[in-house]
Amino acid sequence: PQARHNNPYDVVGGTLLGDNPSESAQPSAKITRGKDRAGGKRKRKCVNCEKFGGANMYDCGGQSSAGVKRCDYFDTDGGNRCFKCWKMRESGKSTHDPSTCPSALP
């Protein structure tokens, strides 16, 4: 039996039909991943904590994409505040002053 195009084989739907051409086919070259770049991943830091001297600039919530308004320790003017207390006050769920929270004090 002869396959189409005067070849001893044919591939139909990913299945080889006919004689195996492996002795004439060359093996494909293995693709390898290139080398990684030097240095590590850039560490994000909170802009407010960096500006106003906070020790937790790499752990603060302000390092996220939400930015300086999400800072856990400082407001945009540099005053101490607790973000959770501030958020509760903004949403009307609490009347507690965010600057008097024990986590906001230095």
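The figures here come from the full heavy-atom set of this structure, side chains too, leaving out hydrogens, waters and symmetry mates.
- Taking the side-chain hydrogen bond (donor to acceptor under 3.5 Å, both in side chains) definition, one finds that Asp77 meets it with nothing, sequence neighbours left out.
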| query | Between Tyr73 and Asn80, is a side chain to side chain contact (heavy atoms under 4.5 Å, CB included) present by the stated rule, with each step listed? | reply | CA-CA 6 Å; Tyr73 306 103; Asn80 290 343; 6.0 Å; no
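- Residue pairs meeting the salt bridge (charged side-chain N to carboxylate O under 4.0 Å, His left out) criterion with at least one member in residues 85-98, sequence neighbours excluded, are Arg89-Asp97.
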| said: side chain to side chain contact (heavy atoms under 4.5 Å, CB included) for Cys49 and Cys71? Distances and angles first, verdict last. | reply: CA-CA 8 Å; Cys49 287; Cys71 180; 3.8 Å; yes
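- Although no hydrogens or angles enter the test, the distance criterion places a donor-acceptor pair under 3.5 Å between the side chain of Asp75 and the main chain of Gly79.
- Every residue two or more places apart in sequence or in another chain that forms a side-chain contact (heavy atoms from CB on, under 4.5 Å) with Lys45 is listed here: Glu50, Met57, Tyr58.
- Distance check, rounded to the nearest 0.5 Å: OG of Ser91 to CH2 of Trp86 gives 10.0 Å.
- Among residues two or more places apart in sequence or in another chain, the side-chain hydrogen bond (donor to acceptor under 3.5 Å, both in side chains) test is passed with Asp59 by none.
- Looking at residues two or more places apart in sequence or on another chain, you find no side-chain hydrogen bond (donor to acceptor under 3.5 Å, both in side chains) involving Arg44.
- Checking side-chain atoms of Asp72 against main-chain N and O of Gly61 turns up a donor-acceptor pair under 3.5 Å.
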